[in-house]
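Read through the structure below, which is laid out as C-alpha cells, and then see the notes.
All values below come from the heavy atoms of this structure, side chains included, with hydrogens, waters and symmetry mates left out.
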Amino acid sequence: MKGIQSKVPYLKDLGVDIVWLSPIYASPNKDMGYDISDYRDIDHRYGTLQDWEELKDEVGVFERWIVPC
C-alpha cells in the first residue's frame, strides 16, 4: 500500500477517479486471496491496518475513491 500511496499525486494528474484494490484482506490465499479469513485485517504481504488508513487519507485529500475488495 505504501507504493500506491506514493503514486497518488501521479494518479490524480492522470485523471484517475477510483483506485480498486483486489484483494487486500487477510487470507490463506488458496484462491488468489478471495478466500478472506478476516475482513477486519489487511494481508501482511500488502501492509498493515495503519498503512490502509494512511492510504485512505492520502486518496481522500485528492477527492478520489478507493475500493477494497
**Report entry** Sidechain-backbone polar pair: Asp57 side chain, Glu54 backbone, donor-acceptor under 3.5 Å
**Finding:** no
Requested in this report: Measure the spacing between CG of Leu49 and CD1 of Ile42 and express it to the nearest 0.5 Å.
Outcome: 5.5 Å
Query raised in the report: Do Trp52 and Leu21 come within less than 4.5 Å of each other through their side chains, counting heavy atoms only?
Result: yes
**Report entry** CZ (Arg45) with more than 12 external heavy atoms under 6.0 Å
**Finding:** yes
Query raised in the report: Can you tell me how far the CD atom of Gln50 sits from the CE atom of Met1, to the nearest 0.5 Å?
Result: 11.0 Å
Requested in this report: Mind checking the CG-CG spacing from Asp43 to Asn29? Nearest 0.5 Å is all I need.
Outcome: 7.0 Å
Requested in this report: Could you verify whether a donor N or O on one side chain and an acceptor N or O on the other, from Ser37 and Tyr25, lie under 3.5 Å apart?
Outcome: no
Query raised in the report: Taking atom NZ of Lys7 as the centre, does the number of heavy atoms from other residues, nucleotides or ligands within less than 6.0 Å exceed 12?
Result: no
Requested in this report: Could you check Val16, Val8, Ile4 and say which one makes a side chain to side chain contact (heavy atoms under 4.5 Å, CB included) with Val59?
Outcome: Val8
Query raised in the report: What is the distance from atom CD1 of Ile36 to atom CG of Asp41, rounded to the nearest 0.5 Å?
Result: 11.5 Å
Query raised in the report: Tyr34 and Asp31: which non-hydrogen atoms are nearest, and at how many Å?
Result: N-OD1, 3.1 Å
Requested in this report: Without swapping roles, check the side chain of Ser27 against the backbone of Asp35 for a donor-acceptor pair under 3.5 Å.
Outcome: yes
**Report entry** CD-NZ distance between Glu58 and Lys2, expressed to the nearest 0.5 angstrom
**Finding:** 10.0 Å
